[in-house]
Protein chains: 2
Amino acid sequence: MLTIGKLSKATGVKIPTIRYYEQIGLLASPVRSSGNQRHYDHAAQERLAFISHARDLGFPLDAIRELLSLSDRDEHACATADDIARRQLAAVKARIARLNALQVELQRMLDHCHGGSLSDCRVIQVLGDHGLCRHDHGRAA
Amino acid sequence: MLTIGKLSKATGVKIPTIRYYEQIGLLASPVRSSGNQRHYDHAAQERLAFISHARDLGFPLDAIRELLSLSDRDEHACATADDIARRQLAAVKARIARLNALQVELQRMLDHCHGGSLSDCRVIQVLGDHGLCRHDHGRAA
DNA sequence: CTAATTGCTCTAGCAACTATAGCTTCAAGA
DNA sequence: TCTTGAAGCTATAGTTGCTAGAGCAATTAG
């Protein structure tokens, strides 16, 4: 049995975050000691590790909630999990594409900045006039 | 002079967002009509376009506030703007690197998922055990 | 036994908006 | 001129995923 502090150290999830997960129903309320302190078993630690790992991979809490609920009904669970992961991968890919476009734009902007006063500043100019951009970074994605 | 709706259409910034920018002091309070409606001039439109464009490039509102305030004192403004943009570029690069690692991990997870029941599901397995990952996607960056 | 540490609950705050409710004003047609 | 529908107004609350702080109670090490 672990206290919340031990659990936090074991999983790398901060204490308020663990309590937050309990609050939103992602983690079951654990048993309490006589002095009202939370005590966690091994299953809770595994579940929290799962959550933490999925969060690291960028899964939103709702997706994680769904993944966890799959444990109940085993039928076609893998296909569903696969689908959730696939969507997450698509979202990551889209973000990468968008960030790559932004990176190019920012670099281009910086390459033409050579100090001087504000009126000559390429950074300010580019930000003020979308027409100076090579890409359609906004609006899409 | 533009109403808020026209300004919204002209810049692509949603009406509540425009009011929000005014509320947080990023956009000056415009003149009001006799019936208390906002009316914007061309300068306001340019300022909003600047904000919108910088947001598209991922600049946080605080950085934009700083960029806008540079207009006041012209001295060394470009160097400051350059610095802000440079930081933004570094942040974008870091996010790309992290997302690339996540993408690889998610793809690897999906490549080994072949349907079946939950107990065989690679997606669930990988999420449950960080040791199955090739990269240290979490904790860093 | 006492002091330091850890734990508890509750509230508020962060970014950057978005949505809702309930109202007023404006513009155009009959 | 009246009316109707669109557009505008304020104010509050919700979103996501936490984090920080206040003010206590419980536990543990020396």
Side-chain angles (χ1 to χ4, degrees), chain A residues 1-27 29-40 44 48 50-68 87-88 91-92 95 98 102 138-139, chain B residues 1-27 29-40 44 48 50-68 84 87-88 91-92 95 98 102 138-139 141:
Chain A
M1 290 302 240
L2 301 165
T3 63
I4 198 169
K6 303 275 169 58
L7 180 64
S8 171
K9 254 167 206 145
T11 59
V13 179
K14 287 177 191 153
I15 292 175
T17 305
I18 296 173
R19 289 199 276 244
Y20 169 72
Y21 287 162
E22 179 184 335
Q23 189 193 317
I24 63 170
L26 209 57
L27 224 44
S29 303
V31 294
R32 299 291 185 120
S33 73
S34 57
N36 199 33
Q37 303 200 341
R38 292 168 176 84
H39 284 286
Y40 297 92
L48 182 56
F50 182 97
I51 294 169
S52 165
H53 193 189
R55 284 296 299 135
D56 277 348
L57 289 171
F59 286 81
L61 291 180
D62 269 359
I64 296 172
R65 199 186 297 272
E66 197 176 347
L67 286 169
L68 285 167
R87 269 201 298 269
Q88 175 60 18
V92 167
R95 273 196 281 164
R98 172 151 165 73
L102 297 191
R139 320 295 168 236
Chain B
M1 291 302 238
L2 300 165
T3 63
I4 199 169
K6 302 278 167 60
L7 180 65
S8 171
K9 253 167 208 146
T11 59
V13 179
K14 286 178 192 153
I15 292 174
T17 306
I18 296 173
R19 289 198 278 243
Y20 169 72
Y21 286 162
E22 178 183 335
Q23 189 193 316
I24 63 171
L26 209 58
L27 225 42
S29 302
V31 294
R32 298 291 186 118
S33 71
S34 56
N36 199 34
Q37 303 200 343
R38 292 168 176 85
H39 284 284
Y40 297 92
L48 182 55
F50 182 99
I51 295 170
S52 165
H53 194 188
R55 285 296 299 134
D56 276 347
L57 288 170
F59 286 82
L61 290 180
D62 270 358
I64 295 172
R65 200 187 296 274
E66 197 177 345
L67 286 170
L68 284 167
I84 292 170
R87 271 202 297 268
Q88 174 60 18
V92 166
R95 273 196 283 162
R98 170 147 166 75
L102 296 192
R139 318 295 168 237

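Chain identifiers are assigned alphabetically (A, B, ...) following the order of the sequence lines, protein sequences preceding nucleic acid strands; residue numbering begins at 1 within each chain.
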Give the rounded distance in Å between these two atoms: [atom1] of [X] and [atom2] of [N].
X       : N      : atom1 : atom2 : answer
B/Lys6  : D/dA6  : NZ    : P     : 15 Å
A/Ile15 : D/dC18 : CD1   : C1'   : 15 Å
A/Arg55 : D/dG17 : CZ    : P     : 5 Å
B/Lys9  : D/dG8  : NZ    : C1'   : 13 Å
A/Leu48 : D/dC18 : CG    : P     : 11 Å

For this session: Determine whether B/Leu2 and B/His39 make a side-chain contact, defined as any pair of heavy atoms from C-beta on separated by less than 4.5 Å.
Result: no
Exercise. Quick one: are B/Leu102 and B/Arg98 in side-chain contact, heavy atoms under 4.5 Å?
Worked result: yes
Exercise. When you match B/Gly5 and A/Tyr21 each to their closest nucleotide on DNA chain D, which lands nearer the 5' end?
Worked result: B/Gly5
Problem set entry | Of A/Gln23 and A/Ile4, the one whose closest DNA chain C nucleotide lies more 5' | A/Ile4
From [X] atom [atom1] to [Y] atom [atom2], the distance as rounded to the nearest 0.5 Å:
X       : Y       : atom1 : atom2 : answer
B/Phe59 : B/His53 : CZ    : NE2   : 9.5 Å
A/Leu7  : A/Met1  : CG    : CE    : 11.5 Å
B/Gln23 : B/Ile18 : CD    : CD1   : 14.0 Å

For this session: List for me each residue that meets side-chain hydrogen bond (donor to acceptor under 3.5 Å, both in side chains) alongside A/Arg87, sequence neighbours excluded, and say none if there are none.
Result: A/Asp83
Problem set entry | side-chain hydrogen bond (donor to acceptor under 3.5 Å, both in side chains) partners for B/Glu22, two or more places apart | B/Ser29, B/Arg38
NA contact type, [X], heavy-atom cut-off 4.0 Å: base, sugar-phosphate, or nothing?
X       : value
A/Ile24 : nothing
A/Phe59 : nothing
B/Arg19 : base

Exercise. Under 4.0 Å between a side-chain N/O of B/Arg38 and OP1 or OP2 of D/dG8, yes or no?
Worked result: no
Exercise. Can you find a side chain N or O atom of B/Arg32 that sits less than 4.0 Å from OP1 or OP2 on D/dT10?
Worked result: yes
For this session: Could you list the residues that satisfy side chain to side chain contact (heavy atoms under 4.5 Å, CB included) with B/Tyr21, not counting sequence neighbours?
Result: B/Val13, B/Thr17, B/Ile24, B/Leu26, B/Leu27, B/Leu48, B/Ile51, B/Arg55, B/Leu61
For this session: List in chain and number order the residues that pass side chain to side chain contact (heavy atoms under 4.5 Å, CB included) with A/Pro16, two or more places apart in sequence or in another chain; answer none if no residue qualifies.
Result: A/Lys14
Exercise. How would nucleotides 19-30 of chain D be written as a contact map, 5' to 3', with B for base contact, S for sugar-phosphate-only contact and - for no contact, using protein heavy atoms under 4.0 Å?
Worked result: S------SS---
Problem set entry | Positional range of nucleotides in DNA chain C within the contact set of chain B, heavy-atom, under 4.0 Å | C/dA16 to C/dC26
